Amino acid sequence: MYSPRSLMLLPVTFFDRDPRKVARALLGKVLVRKTGKTMLAGRIVETEAYLDGDPAAHSYGGRTKRNDVLFGPPGRSYVYFIYGNHFCLNVSCLPDGVPGGVLFRAVEPLAGIEEMARARGVVLQGAGDLRTDLQRLTSGPGRMAEAFGITRERDNDKDFTDPQSDLFIADDGYRVRKAVSTVRIGITKAAEMPFRYVIAENAFVSKLR
DNA sequence: GAGGAGATCGTCT
DNA sequence: GACGATCTCCTCT
């Protein structure tokens with residue numbers, strides 16, 4: 001069972017900088033969702049950066065009702081619906097007025113695993129397939145959003161740096177040994193830019209390349 | 001185990 | 001009216 005000695009909330013300044021730096025720095029941090037009596041927690045193992053002036057970013061076409069959070073203050077949650085099926089979770093970066101964000105692509109489940117499995121409609125198998133099941137639980141933007149019960153209606157524009165928030169990001173002291181950057185996934189514009197960050201040799205990244 | 005197509009709907013043109 | 005920062009299932013090898 002996951003029992004961290006201490007969870008240090010990340011400050012707003014952590015997010016008030018280049019999304020590439022934020023994306024890299026977020027690796028190894030812990031995404032936490034507090035529900036009624038249980039706590040869902042996952043170690044961030046895969047992120048993608050979306051920059052100001054980035055053709056692949058949702059903010060590229062200008063500020064709209066949908067992408068408004070990306071243009072707002074740093075450290076807020078940006079949730080969008082995609083392909084008629086999935087929600088994806090981001091955090092806004094850069095100062096108020098400047099668009100930028102980081103997409104959470106995968107986490108390693110730490111706490112509330114049964115809750116996550118329920119949210120995903122998955123039945124965890126016995127010892128034999130447990131490892132495989134865990135990997136499928138949160139490895140991918142749509143999967144982890146579903147596991148954490150993220151919806152746009154409920155979770156868009158929440159403050160990740162507010163201790164009162166039921167959705168926040170913390171540092172539990174874990175240190176990443178090796179991080180790698182690769183090209184981003186699932187996009188067509190500016191697809192060649194190496195703004196995807198993963199923890200090297202971690203089994204919970206969404207796709208090995 | 002790799003590859004392809006369908007699902008399904010909010011958002012912007 | 002087109003398309004998308006994805007996932008799952010099905011088929012073929």
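Letters go in sequence order (proteins before strands), and every chain restarts at 1. Everything quoted here is computed from the prediction, not taken from an experiment.
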Query raised in the report: Residues two or more places apart in sequence or in another chain: which of them pass salt bridge (Lys or Arg N to Asp or Glu O under 4.0 Å) with Lys29(A)?
Result: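 Result, salt bridge (Lys or Arg N to Asp or Glu O under 4.0 Å) vs Lys29(A): none returned.
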Query raised in the report: Sequence neighbours excluded, which residues qualify as salt bridge (Lys or Arg N to Asp or Glu O under 4.0 Å) partners of Arg154(A)?
Result: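 If we apply the salt bridge (Lys or Arg N to Asp or Glu O under 4.0 Å) test to Arg154(A), skipping adjacent residues, there are no hits.
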Requested in this report: Identify the 5'-most and 3'-most nucleotides of DNA chain B with at least one atom closer than 4.0 Å to a non-hydrogen atom of chain A.
Outcome: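 Contact boundaries, 5' end first: dA7(B) to dC12(B).
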**Report entry** Where chain A begins and ends its contact with DNA chain C, read 5' to 3' at 4.0 Å from heavy atoms
**Finding:**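 Taking any atom under 4.0 Å from a heavy atom of chain A, the span is dG4(C) to dT8(C).
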Salt bridge (charged side-chain N to carboxylate O under 4.0 Å, His left out) contacts in which one or both residues fall within [range], not counting sequence neighbours:
| range | value |
| --- | --- |
| residues 139-151 of chain A | Arg120(A)-Glu146(A) |
| residues 11-20 of chain A | Asp18(A)-Arg20(A) |
| residues 90-99 of chain A | none |
| residues 65-94 of chain A | Arg63(A)-Asp68(A), Arg76(A)-Asp157(A) |

Query raised in the report: Can you give the dot-bracket line for DNA chain C, where a pair is Watson-Crick or G-U wobble with both atom distances under 3.5 Å, crossing pairs use [ ], and | marks a partner on another strand?
Result: ||||.|||||||.
Query raised in the report: Does the cation-pi check pass for Arg136(A) over Phe204(A), that is, NZ or CZ under 6.0 Å from the six-membered ring centre and within 45° of its axis?
Result: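 Verdict for Phe204(A): no cation-pi partner in Arg136(A).
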Query raised in the report: Looking at DNA chain B, which of residues 57-69 of chain A put a heavy atom within less than 4.0 Å of it?
Result: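 Residues of residues 57-69 of chain A that come under 4.0 Å of DNA chain B are, in numerical order, Thr64(A), Arg66(A).
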Query - Members of residues 15-32 of chain A that approach DNA chain B, where some heavy atom sits under 4.0 Å away - result: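 Within residues 15-32 of chain A, no residue comes under 4.0 Å of DNA chain B.
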**Report entry** Test ring-ring contact (aromatic ring centres under 6.0 Å, His included) applied to Phe81(A) - qualifying residues, sequence neighbours left out
**Finding:**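 If we apply the ring-ring contact (aromatic ring centres under 6.0 Å, His included) test to Phe81(A), skipping adjacent residues, the hits are Phe87(A).
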Query raised in the report: Contact class for Gly84(A) (heavy atom, under 4.0 Å): base, sugar-phosphate, or nothing?
Result: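 It contacts base atoms.
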